[in-house]
Amino acid sequence: MTAKPLLLTLGDSNGLGPELACRLLTEINYPGLRIGLVGPKAALAWHCDRLHLPPFWTPLDASDPDALEGAAPGVFLLTPPRLAGLPVTPGRETPAGGLSAGESLEYAATLLARHADWGLVTGPLSKAALNAAGFAFPGHTEFLAERSGVGRGGVCMHLGGPVLRVSLVTTHPPLAKVPSLVTYDRVARCLSLTWDHVRRLGVSDRPIAVCGLNPHAGEGGLLGSEDEEVVRPAVAAAVAAGVAAVGPLPADTVFYRAAKGEFSAILAMYHDQGLPPLKMLHFDATVNVTLGLPFVRTSVGHGTAFDLVGTGKAGTGSLAAALDMAVRLTGGA
Ligand SMILES: NC(=O)C1=CN([C@@H]2O[C@H](COP(=O)(O)OP(=O)(O)OC[C@H]3O[C@@H](n4cnc5c(N)ncnc54)[C@H](O)[C@@H]3O)[C@@H](O)[C@H]2O)C=CC1
Ligand SMILES: NCC(=O)COP(=O)(O)O
């Protein structure tokens with residue numbers, strides 16, 4: 001079977017994305033794959049020059065939405081019209097970098113609306129630069145949820161590594177808003193999407209652990225009411241529908257238990273409950289997957305790391321893992 005084309009957005013043109021794409025795609029050969037880089041040529045050219053690499057891509061006509069479908073395996077560059085000639089300032093956070101990220105994502109979303117069987121891998125963007133460029137989204141997840149028509153409530157952010165996998169009930173709201181966003185429907189939706197994902201990965205022999213929102217999962221209501229009133233009924237309904245899940249469990253010990261292999265995934269209630277343990281264990285192997293979109297989207301787990309751009313010190317492991325996962329989820333291997 002021929003592998004599906006993958007789009008790889010470079011993310012913020014001044015961030016780590018272009019450098020990692022240059023290094024990874026010249027170090028590793030992906031036979032049989034059609035990879036369409038999306039972003040400005042200047043970002044790639046700057047790093048190739050610095051790393052003494054020849055251009056490793058073939059330009060494609062970005063106005064032809066089927067150009068990548070008809071291409072032979074290889075690495076291609078699709079530059080959205082507004083990014084042609086965009087100057088780059090690698091390592092500096094600017095609105096131009098945000099424009100590059102936003103336009104590239106907009107362009108990729110348009111192609112994926114036409115080719116839902118393709119996959120999308122995203123390079124890191126700066127949320128501040130993205131918004132400074134006029135794209136009012138807290139991140140890729142919300143952007144793609146809206147552009148695909150699914151809506152923010154229909155998707156679930158999931159990040160995983162070789163041992164730990166973590167889904168999030170809420171994505172990027174301020175902490176003060178989290179309790180009101182932990183609803184029965186959100187917990188149920190995220191459990192259902194996470195269950196589908198762990199089954200796809202072949203690790204559904206163990207249950208999903210659901211974290212409590214409050215310390216000690218509320219200690220029976222003593223330390224907060226949400227775990228008994230919202231989380232527990234949603235978990236019970238998911239179990240009745242065939243999902244293997246347990247909880248709410250005290251979040252302070254659930255990662256320790258998962259690291260020993262007890263759970264297939266963890267459903268955390270908010271960003272900084274779920275992601276610090278994951279990144280501590282798997283920083284250079286973390287893959288972000290948006291569950292619930294009509295197409296496969298994976299991403300690096302890390303951010304733009306402006307401090308590392310051009311130093312050659314950044315690890316390419318997370319991007320490599322994101323590409324591998326996209327190939328796997330689009331049925332390529
Ligand atoms: N996938 C995405 O688009 C993501 C974007 N972000 C955004 O990125 C921007 C910067 O965020 P930070 O919190 O500073 O996180 P960051 O991940 O960019 O950097 C945190 C620390 O990790 C290091 N680091 C990052 N990537 C690395 C790599 N590949 N190899 C070795 N070390 C690496 C950095 O040098 C820094 O010390 C923010 O605007 C944030 O919102 C953050 C996470 C994911
Ligand atoms: N910490 C994960 C993260 O911020 C990724 O966000 P997104 O851009 O993938 O929505």
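When a ligand or atom number is given, it counts from 1 through the structure's own listing order. Bear in mind the structure is a predicted one, so any value in this text is a computation, not a measurement.
A cation-pi arrangement, defined by a distance under 6.0 Å to the six-membered ring centre and an angle within 45 degrees of its axis, is present between Arg147 and Phe143.
Numbered from 1 in the order shown, with element, the atoms of ligand 2 that lie under 4.0 Å from a heavy atom of His140 read 7 (P), 8 (O), 9 (O), 10 (O). Atoms of ligand 2 lying under 4.0 Å from at least one heavy atom of Gly139, given by number and element, are 8 (O), 10 (O). If you number the atoms of ligand 2 from 1 as listed, the ones under 4.0 Å from a heavy atom of Met157 come out as 6 (O), 10 (O). Interface of Arg297 with ligand 2, defined as ligand atoms under 4.0 Å from a residue heavy atom, comprises 9 (O).
Salt bridge present: Glu262 and Arg257 bring a charged side-chain N and a carboxylate O closer than 4.0 Å.
The only option from Thr122, Asn288, Thr290 that meets the side-chain hydrogen bond (donor to acceptor under 3.5 Å, both in side chains) definition with Ser299 turns out to be Thr122. Across Leu125, Leu99, Val88, a single residue satisfies side chain to side chain contact (heavy atoms under 4.5 Å, CB included) together with Ser13, and that is Val88.
Within a 6.0 Å radius of CZ in Arg152, other residues, nucleotides and ligands contribute more than 12 heavy atoms. Heavy-atom contacts from other residues, nucleotides or ligands closer than 6.0 Å to CZ of Arg92 number 12 or fewer.
Of the protein's non-hydrogen atoms, Thr141 OG1, 2.6 Å is the one closest to atom 10 (O) of ligand 2.
At a 4.0 Å heavy-atom cut-off, ligand 2 touches Asn288 through the side chain alone. The proximity of Leu275 to ligand 2, defined as any non-hydrogen pair under 4.0 Å, is limited to the side chain.
Scanning His172, His271, Glu142 for the heavy atom closest to atom 1 (N) of ligand 2 points to His271.
Sorted by chain then number, the residues whose non-hydrogen atoms approach ligand 1 to under 4.0 Å are Leu16, Pro124, Leu125, Ser126, Lys127, His140, Phe283, Ser299, Val300, Gly301, His302, Gly303, Thr304, Ala305, Asp307, Leu308, Ala314, Gly315.
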Should Phe306 and Asn14 be marked as a side-chain contact (heavy atoms from CB on, under 4.5 Å) after you check the CA-CA gap, both sets of side-chain angles, and the distance that decides it? CA-CA 7 Å; Phe306 291 112; Asn14 300 325; 4.1 Å; yes
For Thr304 and Glu93, what are the C-alpha separation, side-chain angles and deciding distance, and is it a side-chain hydrogen bond (donor to acceptor under 3.5 Å, both in side chains)? CA-CA 9 Å; Thr304 45; Glu93 188 169 34; 5.5 Å; no
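Phe135 is listed as a side-chain neighbour of Glu103, based on a closest heavy-atom distance under 4.5 Å.
Remark: Arg206 pairs with no residue by the salt bridge (Lys or Arg N to Asp or Glu O under 4.0 Å) rule, at least two apart or across chains.
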